[in-house]
Amino acid sequence: MRIFVAGHRGMVGQATARRLRELGHDVVTRTHAELDLLDQAAVARFFATEQIDQVYLAAARVGGIHANMTYPAQFIYENLAIATNVTHQAFVSGVKRLLFLGSSCIYPRMAEQPIREEYLLNGKLEPTNEPYAIAKIAGLKLCESYNRQYGATHGIDYRSVMPTNLYGPGDNYHIENSHVVPALIQRFHLARISNSPSVLIWGSGRARREFLYVDDMVEGCLAVMNLSRAEYDRQTDAMRGHINLGTGEDVSIAELTELIRDVVGYTGTIRYDLAQPDGAPRKLLDVSRAKSLGWHATVPLAEGLRRTYADYQEAIRPVEETEQVQAHAHA
Ligand SMILES: NC(=O)C1=CN([C@@H]2O[C@H](COP(=O)(O)OP(=O)(O)OC[C@H]3O[C@@H](n4cnc5c(N)ncnc54)[C@H](OP(=O)(O)O)[C@@H]3O)[C@@H](O)[C@H]2O)C=CC1
Ligand SMILES: C[C@H]1O[C@H](OP(=O)(O)OP(=O)(O)OC[C@H]2O[C@@H](n3cnc4c(=O)[nH]c(N)nc43)[C@H](O)[C@@H]2O)[C@@H](O)[C@@H](O)C1=O
């Protein structure tokens, strides 16, 4: 089967492409430079020329709380455009099955916890990432709508998963735009190697988050994509079209901070910057539907953080060694 993994260089895309190749699939990829998914005509040409059987849509404009607050226009425009271009051109070219990746931010800020799929649109969204959330809601509604209008006539079966906060190898370590896990791994690492006396954490530390290791999330995507059409419709109340993916347990940012401090081996002090926002107070997902498929998260948070830190150190080793050589040369 020829499967297009959109966003294959990202954290989720890398893990998805790796797993699908292990399973023997012919994985089709295009870098952002090769195929800008904002370019509707280019996306149309791609699907018209490549014989794609399935799509995993892991391409998006993604970032943490600071990035969402700083670039709202890019977050809503680019994520709407990517979702509409890929979904519609997949349909036009006859792709029968597609998986759209949403996010837990689609749910109301004060939703009852744990959050069930049916709580969607029951209340106001979290202001710090509302543009991104609206684009993600539109993406899942696109899939639902194409199923409703073209399911019977064209065999269209476009599916959506709503992952909680993700982390793992290949994450984005941008100093300001990254999510909390990569941000704190990098900050504690640099503090340790430079003997900084303290590390500053954004917000109060009281916000709670659920963290799913990326490889576990990919197994959840496969479980959803391998469902028969009838089973998927039964699971999603026939067109209520999405399934949560999470671990079913959350931690406070303060607890996460201490876990990362210990994984990195930092011994200085931790300070909190209350001028920075906490964002949503909590967004723990109800994962009963996903568990009914036989899927569940397997990587505990402490182990996932150890693997992620090891990946980070491997990725920066060449840079650090060069800097150490240069520093030695100037000593
Ligand atoms: N990370 C998380 O905590 C969560 C992520 N998700 C969802 O999972 C999916 C993947 O996220 P993640 O892997 O973390 O994100 P990354 O930022 O790591 O990867 C996104 C990928 O999309 C590509 N991309 C972005 N814009 C375009 C474009 N216009 N044309 C072509 N490619 C583009 C990027 O390429 P390049 O870098 O070259 O621009 C990158 O390879 C997204 O849909 C996200 O919303 C959902 C919940 C949580
Ligand atoms: C996946 C999810 O990701 C985003 O929502 P978020 O969960 O709020 O994102 P975050 O990971 O950036 O923050 C989580 C918590 O952590 C605290 N925090 C402390 N110190 C740092 C820090 O240094 N960096 C960051 N980024 N956060 C920090 C921060 O203040 C907040 O309380 C949106 O994209 C949203 O749309 C979405 O889908």
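None of the values given here were measured: they were computed from a predicted structure. Both counts, for ligands and for their atoms, begin at 1 and track the order of listing.
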For Leu35, the atoms of ligand 1 under 4.0 Å from one of its heavy atoms are 30 (N), 31 (C)

Ligand 1-proximal atoms of Thr164, by part, heavy-atom distance under 4.0 Å:
backbone

For atom 32 (O) of ligand 2, what's the nearest protein heavy atom and its distance?
Asp278 O, 2.6 Å

Ala59: numbered ligand 1 atoms lying under 4.0 Å from its heavy atoms
22 (O)

Leu101 neighbourhood, listing ligand 1 atoms whose heavy-atom distance to it stays under 4.0 Å:
8 (O), 9 (C), 43 (O)

Pick from Pro163, Gly13, Gly102, Ser103: the one approaching atom 7 (C) of ligand 1 most closely through a non-hydrogen atom:
Gly102

Report the part of Pro277 (side chain from C-beta onward, or backbone N, CA, C, O) that has a heavy atom under 4.0 Å from ligand 2; answer both or neither where that applies.
backbone

Give the residue, atom name and distance (to 0.1 Å) of the protein heavy atom nearest atom 12 (O) of ligand 2.
Ile65 N, 2.7 Å

Under 4.0 Å, heavy-atom basis, I'd like to know which part of Glu126 is in contact with ligand 2: side chain, backbone, both or neither.
neither

Atom 38 (O) of ligand 2: closest protein heavy atom, distance to 0.1 Å, is Ser103 OG, 2.5 Å

Say whether Gly63, considering both its backbone and side-chain N or O atoms, lies within less than 3.5 Å of an N or O atom on ligand 2.
yes

Leu37: numbered ligand 1 atoms lying under 4.0 Å from its heavy atoms
28 (C), 29 (N), 30 (N), 31 (C)

Geometry only, no angles: is Val180 polar-contacting ligand 2 at N/O separations under 3.5 Å?
yes

Around atom 35 (C) of ligand 2, find the nearest protein heavy atom and jot down its residue, atom name and distance.
Asn129 ND2, 3.4 Å

Can you find an N or O of Ser104 that's nearer than 3.5 Å to an N or O of ligand 2?
no

For ligand 2, is there an atom lying under 4.0 Å from some heavy atom of Ser178?
yes

Structural part of Tyr132 in contact with ligand 2, heavy atom criterion under 4.0 angstrom:
side chain

Any idea which protein heavy atom is nearest atom 1 (C) of ligand 2, and the distance to it?
His179 NE2, 3.6 Å

For atom 2 (C) of ligand 2, the option (of Lys283, Glu176, Glu210) bearing the nearest heavy atom:
Lys283

Below a 4.0 angstrom heavy-atom separation, can you tell me which part of Asn68, side chain or backbone, both or neither, approaches ligand 2?
side chain

Taking Asn68 for its side chain and Gly63 for its backbone only, find out whether a donor-acceptor pair lies under 3.5 Å.
yes

Considering only protein heavy atoms, which is closest to atom 29 (N) of ligand 1, and at what distance to one decimal place?
Asp36 OD1, 2.9 Å

Heavy-atom contact check, 4.0 Å cutoff: does His66 meet ligand 2?
no

Counting from 1 in the order shown, the ligand 2 atoms closer than 4.0 Å to a non-hydrogen atom of Ala207 are 32 (O)

If you count the atoms of ligand 1 from 1 in the order shown, which ones are under 4.0 Å from a heavy atom of Arg9?
41 (O)

Subset of ligand 1 atoms that lie under 4.0 Å from at least one heavy atom of Met11
1 (N), 13 (O), 14 (O), 18 (O)

